[in-house]
There are 2 protein chains.
Amino acid sequence: MRKGDATRVRILDEATRQVAVRGLTAASLGDVAEAVGLSKSGLFKHFESKEAMQLAVIDRVQERFSDFVWREAEPLAPGRARLEKIFDRWLDWSESEWDDHGCPLMALSVELDDQPGPLRDALQKGMLRWRRTLMREFQALTDPPLSEDQAAAAYFQMKSYLLGHSEARRLMGLPDARRSAQAAFHALLDRVGQAQP
Amino acid sequence: MRKGDATRVRILDEATRQVAVRGLTAASLGDVAEAVGLSKSGLFKHFESKEAMQLAVIDRVQERFSDFVWREAEPLAPGRARLEKIFDRWLDWSESEWDDHGCPLMALSVELDDQPGPLRDALQKGMLRWRRTLMREFQALTDPPLSEDQAAAAYFQMKSYLLGHSEARRLMGLPDARRSAQAAFHALLDRVGQAQP
DNA sequence: ACAGAAAGTGACCGATCGTGCTCTTTCAGC
DNA sequence: GCTGAAAGAGCACGATCGGTCACTTTCTGT
């Protein structure tokens, strides 16, 4: 039962990479199986259907995201330095963690935002959870803490800059996308910090 | 030769709507043909291949975007009011112009950003052109005009808020996404205006 | 070491895809 | 109104997809 788990993870990570490139639907079971050195039918011993695999991919990539971004920033004390660390790690994740194929979560977001169902629900749930975490992080930035609305507004801008970074770098091919995003985010932190001194 | 052109446009607009929902690759010729009341082979009298149709879709949707957003703001004098109009129309376009299926250009951006070729090039070209236009718009906001870098930074944030708006509204289901985007954009205009009084 | 479960293979099915073919209908220019 | 081209229909093709089944190989717990 242990070898199966290792194979399962290999499948999921390879599937995630293909999802980042071609999309969740276009990533075919045959291609994923071949890439991990498996037959297509061998794949079905780990997932009873394609949708089951897609669901597992969504869970797995969110878990990896959390490991990559949050676990790195967690030891820092709440505050500006921790938020900067999170933002930087998020940029790293988006730029280089998936063989320069971009953040799979953003690809999933756009692909699933129009298709109700368990896949969309799973992704939305994780994203809302992550949003709550970051809102609390923003609230810990000032004394007295930011209101719910202020924290939501700060998160909205932070997430926007990350989406903008991805678009500017990947589609538009702008070389200073990362700098633009960092500059915008630092200015946001300044604004938030000044609002309640 | 005139009836053919009308059919061609009907095909493209229907194809665009399906692209916004399912994606460029997943939008099948058969479904598009059926929705327009055509046979699949009848479609091939207008486009020699699927890729040719996809290319035409990309051109057409950018043309429609320009009509919807720019033509409406053009009569206004360059300045803050015009930029606000552009932003509002862009939000309208993203929210309701495609039967609540979101902005097709954003779907295209994420789907094509990892697939080099003529489709990506066509999209990128239009997007870069639109970026130049908006950068000039920002520069006309102050006296003396903003530098190239400042205008690029302002455009980056504007585009980011629009991406953020789409994500917040469509995937996350946040009801006040539009308000968040507008608030962030107005604050951006304030900042730009204050920088050089 | 052995038995049973887990992991993996290969052949195959039905559906759907893009596309080419032949044929018919419809339209536009003289 | 006639004629040729444009517009469209119907069919069939090869490829690819997700999925099933019977079978073999490999591993794991006792």
Side-chain angles (χ1 to χ4, degrees), chain A residues 1-60 107-108 111-112 115 117-120 122, chain B residues 1-58 60 107-108 111-112 114-115 117-120 122:
Chain A
M1 188 186 304
R2 202 171 52 238
K3 188 197 178 188
D5 288 355
T7 308
R8 190 187 145 99
V9 169
R10 271 172 47 229
I11 294 173
L12 289 179
D13 287 343
E14 171 60 30
T16 304
R17 230 193 61 238
Q18 295 209 17
V19 163
V21 183
R22 308 173 49 188
L24 193 64
T25 305
S28 78
L29 297 180
D31 289 350
V32 172
E34 193 184 14
V36 291
L38 228 65
S39 70
K40 199 169 50 163
S41 41
L43 230 161
F44 276 89
K45 295 293 169 176
H46 298 273
F47 308 97
E48 60 178 11
S49 69
K50 188 184 186 182
E51 191 179 272
M53 188 193 76
Q54 294 172 322
L55 204 59
V57 163
I58 292 175
D59 288 342
R60 166 75 178 160
L108 285 170
E111 183 171 355
L112 292 179
Q115 296 171 349
L119 299 177
R120 184 187 190 281
Chain B
M1 186 185 304
R2 204 172 48 238
K3 188 196 176 188
D5 288 355
T7 308
R8 190 185 144 99
V9 168
R10 271 173 46 229
I11 294 173
L12 289 179
D13 287 343
E14 172 60 29
T16 304
R17 230 194 62 238
Q18 295 208 18
V19 164
V21 182
R22 309 172 50 188
L24 193 64
T25 305
S28 77
L29 296 181
D31 289 350
V32 171
E34 194 185 13
V36 192
L38 230 64
S39 71
K40 206 170 38 163
S41 42
L43 231 160
F44 275 89
K45 295 294 169 175
H46 298 274
F47 309 97
E48 60 177 11
S49 71
K50 187 183 186 182
E51 192 180 272
M53 188 192 76
Q54 293 172 322
L55 203 59
V57 163
I58 292 175
R60 166 77 177 159
L108 285 171
E111 183 172 356
L112 292 179
D114 226 332
Q115 294 170 352
L119 299 176
R120 184 187 190 281

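Scope of the values below: all heavy atoms of this structure, side chains included, with no hydrogens, waters or symmetry mates. Letters go in sequence order (proteins before strands), and every chain restarts at 1.
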Trainee: Taking all non-hydrogen atoms of both residues into account, name the closest pair between B/Glu14 and B/Ala35 and its distance.
Mentor: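 Here B/Glu14 and B/Ala35 meet closest at OE2-CB, 3.4 Å.
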Trainee: Can you tell me which residue among B/Val19, B/Leu12, B/Leu112 is in a side chain to side chain contact (heavy atoms under 4.5 Å, CB included) with B/Ile58?
Mentor: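 In the set B/Val19, B/Leu12, B/Leu112, the residue that makes a side chain to side chain contact (heavy atoms under 4.5 Å, CB included) with B/Ile58 is B/Leu112.
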Trainee: Which residue, A/Gly37 or B/Ser41, contacts DNA chain C at a nucleotide closer to its 5' end, judged by nearest heavy atom?
Mentor: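 Upstream on the strand: A/Gly37.
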Trainee: Rounded to whole Å, how long is the line connecting atom CG of A/Asp5 with atom P of C/dA6?
Mentor: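 It works out to 12 Å between those atoms.
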Trainee: In whole angstrom, give the distance that lies between atom CZ of B/Phe44 and atom C1' of D/dA7.
Mentor: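 To the nearest whole Å, that distance equals 15 Å.
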Trainee: Figure out the CZ/P separation between A/Arg10 and C/dA7, and round it to whole Å.
Mentor: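 A/Arg10 atom CZ is separated from C/dA7 atom P by 13 Å.
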Trainee: Begin with the C-alpha distance, continue with both residues' side-chain angles, and end with the deciding distance and a verdict on side-chain contact (heavy atoms from CB on, under 4.5 Å) for B/Phe47 and B/Leu55.
Mentor: CA-CA 10 Å; B/Phe47 309 97; B/Leu55 203 59; over 6 Å; no
Trainee: Would you kindly give the CZ-to-P distance between B/Phe47 and D/dA6, to the nearest whole Å?
Mentor: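 So the two atoms are 16 Å apart, to the nearest Å.
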Trainee: Hey, is the side chain of B/Ser28 poking within less than 4.0 Å of OP1 or OP2 on C/dC17, counting only N and O atoms?
Mentor: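 So the side-chain polar atoms of B/Ser28 do come within 4.0 Å of the phosphate oxygens OP1 or OP2 of C/dC17, strictly under.
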Trainee: So, OP1 or OP2 of C/dA6: does either fall under 4.0 Å of a side-chain N or O from A/His46?
Mentor: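 For A/His46, the contact criterion (side-chain N or O under 4.0 Å from OP1 or OP2 of C/dA6) is not met.
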Trainee: Give a yes/no on whether any side-chain N or O of A/Lys50 is located under 4.0 angstrom from OP1 or OP2 of D/dG18.
Mentor: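 Checking D/dG18 against A/Lys50, a side-chain N or O does come within under 4.0 Å of OP1 or OP2.
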Trainee: Measure CZ/A/Arg22 against P/D/dT16 and give the value in whole Å, please.
Mentor: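 Taking CZ of A/Arg22 and P of D/dT16, I get 11 Å after rounding.
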Trainee: Quick one: is D/dG18 close enough that its OP1 or OP2 comes under 4.0 Å of any side-chain N or O from A/Ser49?
Mentor: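 No, because none of the side-chain N or O atoms of A/Ser49 sits under 4.0 Å from OP1 or OP2 of D/dG18.
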Trainee: Classify the side chain of B/Lys40 and the base of C/dG18 as holding, or not holding, a donor-acceptor pair under 3.5 Å.
Mentor: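 Yes, the side chain and the base share a sub-3.5 Å donor-acceptor pair.
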Trainee: What heavy-atom pair brings B/Leu29 and B/Met53 nearest, and what distance separates the two atoms?
Mentor: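 Nearest heavy atoms, B/Leu29 then B/Met53: CD2-CE, 3.6 Å.
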Trainee: May I have the distance from A/Glu51 (atom CD) to D/dC17 (atom P), rounded to whole angstrom?
Mentor: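 In whole Å, D/dC17 P and A/Glu51 CD are 19 Å from each other.
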Trainee: Flag the pair B/Val57 / B/Arg60 as yes when at least one side-chain heavy-atom distance between them is below 4.5 Å, and no otherwise.
Mentor: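 No; the side chains remain at least 4.5 Å from each other.
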Trainee: Please report the distance, rounded to the nearest Å, between CD in B/Glu34 and P in D/dG10.
Mentor: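 Answer to the nearest Å: 13 Å.
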Trainee: Send over the distance from A/Leu38 CG to C/dG8 P, rounded to a whole Å.
Mentor: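 Result: 5 Å.
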